[in-house]
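The model shown is predicted, which means the values in this text are computed figures rather than measured ones. Residue numbers start from 1 in every chain, and the chains themselves are labelled A, B, ... in the order their sequence lines are given, proteins ahead of strands.
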Amino acid sequence: MVKLKSNDDKEFEVEEAAVIQSEMIKNMIEDGCATSVIPLPNIDSKTLIKVIEYLNKHINMGKAAETGEEDDLKEFDEQFVNMGWEELFDVIMAANYLNIHELMELCCQSAADRLKNKSVRAVREMLKITNDLTEEEEQEIINDAPWAFEGPEIDDTVN
Amino acid sequence: MMPPEAKKNCCESLPLDVLSNLPENVIDVILMCLPLRDAVRTSILSNIWRYKWCRLPELTLDDTFWKTKNNLICHTTAITKIIYHILIFHEGPITKFTLCVPKSRSCPMIDDLIYFLAKNGIQDFVLKLPFKGDTYELPPLFFKKLQLRNLTLQNCLILRPPTFKGFDRLISLELCEVTITSELLGSLISHCLLLENLVLHIADTYSNLIEISAPRLRSLYFAGSVRSISLKNVPSLAKVLLASSDTDYLGADKWDVVEFFESFEPFSALEHLYLNMIFAAEASEVPKRLPFNLNCVKKLDICVDLYHSVEVSCTLCLIRSFPYIQFMDIQEAFYKYDIGDDEVEFPSDLTFDHLREVRLTLASGSIIEMQLAKLLLAKSPMLVRMLFASCAARGYVAVKKLVAELTTFQRASPKAEVVFIES
């Protein structure tokens with residue numbers, strides 16, 4: 001068992017087989033730096049709980065194909081990313097920090113799926129981006145790459 | 001680049017602007033998950049987004065990329081303009097580039113593109129050209145300058161550059177309808193010493209065999225005539241998928257199943273084999289078993305015409321020679337319905353001592369199908385699960401009925417589950 005401590009001082013015990021999906025922690029264990037509690041100053045307990053839930057579920061991912069649990073795992077992943085933007089970015093930041101490649105891919109793909117085919121206005125609103133471009137600059141950008149702005153049906157809704 | 005005033009506004013909105021505040025590497029990953037068109041469109045979100053897409057190391061211009069609201073971009077000039085725009089704005093290394101050119105007549109700037117990619121550290125390159133028009137010949141530079149790890153080519157021409165020795169870093173190679181001689185193809189493969197994955201789609205039947213010699217090859221997918229290939233030195237080959245092509249129906253030479261598998265014999269790393277038994281339909285004499293066992297084979301997927309005696313005997317020959325099969329997938333090749341009451345006597349010496357799971361995709365619930373299912377149930381002591389599916393709407397009810405009848409049948413493995421999968 002490996003002990004992790006969130007930045008709000010909560011400790012979590014995780015099986016080594018699960019936690020080594022994090023390259024960072026795997027390296028720490030290999031270097032003998034994981035003997036006591038591993039503090040994670042960038043991750044709060046709410047996010048860490050999510051990450052541990054993912055790690056535990058994906059513990060034997062390599063064997064999933066053989067045991068026919070792939071569909072189950074896929075369903076879990078779909079449910080897992082069903083969260084708000086802020087929570088999603090918290091998990092992405094945690095996955096980036098802990099270097100959990102699969103989790104990073106999953107969450108970034110989910111972020112991308114939410115942005116795909118969205119209109120510029122919809123993306124700005126979803127992510128609360130303030131537009132600081134002048135009209136001339138906007139026109140210049142469109143003129144540079146008109147093809148990028150005439151894509152398939154552009155969706156103007158924010159969900 | 002950013003006027004001070006704008007910068008200030010931008011900073012004030014930061015607590016809300018979640019995405020823009022992520023580290024650059026994270027933003028890159030998200031942008032790379034987006035289609036390129038959407039990624040480029042982020043340039044108009046705000047000042048800080050303007051050039052973010054320009055440093056993406058992976059660019060994909062695939063078939064969907066060229067679709068606009070109402071049509072498909074397919075004029076050579078339009079395609080060229082877009083590619084130039086991307087190349088002019090791009091900064092930094094490009095490790096992966098995918099270009100699938102839609103049905104345009106020609107695409108004159110590919111030499112320039114290859115030059116550009118060579119300078120920017122390309123490792124993974126996919127170039128799929130349209131079937132129509134003149135076949136594009138890869139420039140000599142392609143063979144000289146590129147340090148590729150993964151390469152996919154479709155519809156182009158490869159001629160031997162005089163000094164070319166092969167891609168010494170290449171791990172994965174996929175050639176689809178590429179014009180190349182069998183000798184050059186064989187030589188290309190044998191000079192890529194790190195090659196692990198090979199995919200070949202070849203419509204023509206070569207008069208000379210393509211010799212496949214690749215010491216580290218793990219996986220081979222071949223769509224074409226099996227009579228065109230000869231496996232020479234493949235000690236690591238674990239997965240082989242042989243899909244059929246039309247030419248196999250017409251082959252004059254008979255396929256020799258023993259000869260084909262001979263190269264595996266001394267090494268036998270083969271674990272997973274997919275075969276379309278249509279190859280064997282014209283096989284010369286089929287022995288009862290191969291002269292050697294391939295003990296590593298765990299998974300056998302076959303597509304077979306159960307009413308074709310040569311195909312069936314060839315299937316049995318392989319099954320006997322793979323004594324450690326754990327997973328088997330048998331699919332009926334043709335949907336026959338009016339087959340009367342044909343029966344086949346499956347030999348009684350067959351056993352499936354290690355078979356754990358089998359999937360049968362059947363057409364009509366006929367007597368032969370029933371016999372096959374009973375044989376598998378009776379001779380597989382380790383069986384955990386037997387799945388049935390119907391490959392044709394017409395046979396659906398009959399196959400389901402067959403499965404229902406089987407539930408009372410005596411099994412070698414009493415706990416084996418028999419399941420019909422509704423599709």
Is A:Lys3 atom NZ crowded by more than 12 heavy atoms from other residues, nucleotides or ligands, each under 6.0 Å away? no
Scored by heavy-atom pairs under 4.5 Å with chain B, the best of A:Gln109, A:Arg121, A:Glu140 is A:Gln109
Side chain, backbone, both or neither: which part of B:Ile86 has a heavy atom under 4.5 Å from chain A? side chain
Euclidean distance, B:Ile30 CD1 relative to A:Phe89 CZ, rounded to 0.5 Å: 5.0 Å
Which bit of A:Asn96 comes within less than 4.5 Å of chain B, counting heavy atoms only: side chain, backbone, both or neither? side chain
Among the listed options A:Cys108, A:Ala95, A:Cys107, A:Ala111, the residue most often paired with chain B at heavy-atom distances under 4.5 Å: A:Cys108
Might you confirm whether atom CD of A:Glu53 has over 12 heavy atoms from other residues, nucleotides or ligands at distances under 6.0 Å? yes
I need the single residue from A:Ile141, A:Ile129, A:Asn131, A:Leu133 that forms a side chain to side chain contact (heavy atoms under 4.5 Å, CB included) with B:Trp49. Which is it? A:Ile129
CD/A:Gln139 to CD1/B:Ile44 distance, rounded to the nearest 0.5 angstrom? 8.0 Å
Evaluation steps, side-chain contact (heavy atoms from CB on, under 4.5 Å), between A:Lys118 and B:Asp38: CA-CA 8 Å; A:Lys118 291 285 180 184; B:Asp38 293 79; over 6 Å; no
NZ of A:Lys50: more than 12 outside heavy atoms within 6.0 angstrom? yes
Between OG1 on residue A:Thr130 and CG on residue B:Asn47, distance to nearest 0.5 Å: 11.5 Å
On a heavy-atom basis, which atom in B:Pro23 and which in A:Met93 lie closest, and how many Å separate them? CD-SD, 3.3 Å
When rounded to the nearest 0.5 angstrom, what is the spacing between CD in A:Glu138 and CZ in B:Arg50? 10.0 Å
Could you report the tightest heavy-atom contact between A:Ala145 and B:His85, atom names first, then the distance? CB-CE1, 3.2 Å
Region of A:Leu115 in contact with chain B, defined by heavy-atom distances below 4.5 Å: both
Counting heavy-atom pairs under 4.5 Å with chain B, which one of A:Leu88, A:Val123, A:Val120 comes out on top? A:Val120
Which bit of A:Asp113 is near chain B, if near means a heavy-atom gap under 4.5 Å: side chain, backbone, both or neither? neither
Assess whether atom CD of A:Glu135 is packed by more than 12 heavy atoms of other residues, nucleotides or ligands within 6.0 Å. no
Looking at B:Arg55, I want to see if its CZ is surrounded by more than 12 non-hydrogen atoms of other residues, nucleotides or ligands under 6.0 Å. yes
Atom CZ in A:Arg124, atom CG in B:Leu45: separation rounded to 0.5 Å? 6.0 Å
Could you give the distance from CD (A:Glu105) to SG (B:Cys33), rounded to the nearest 0.5 Å? 5.5 Å
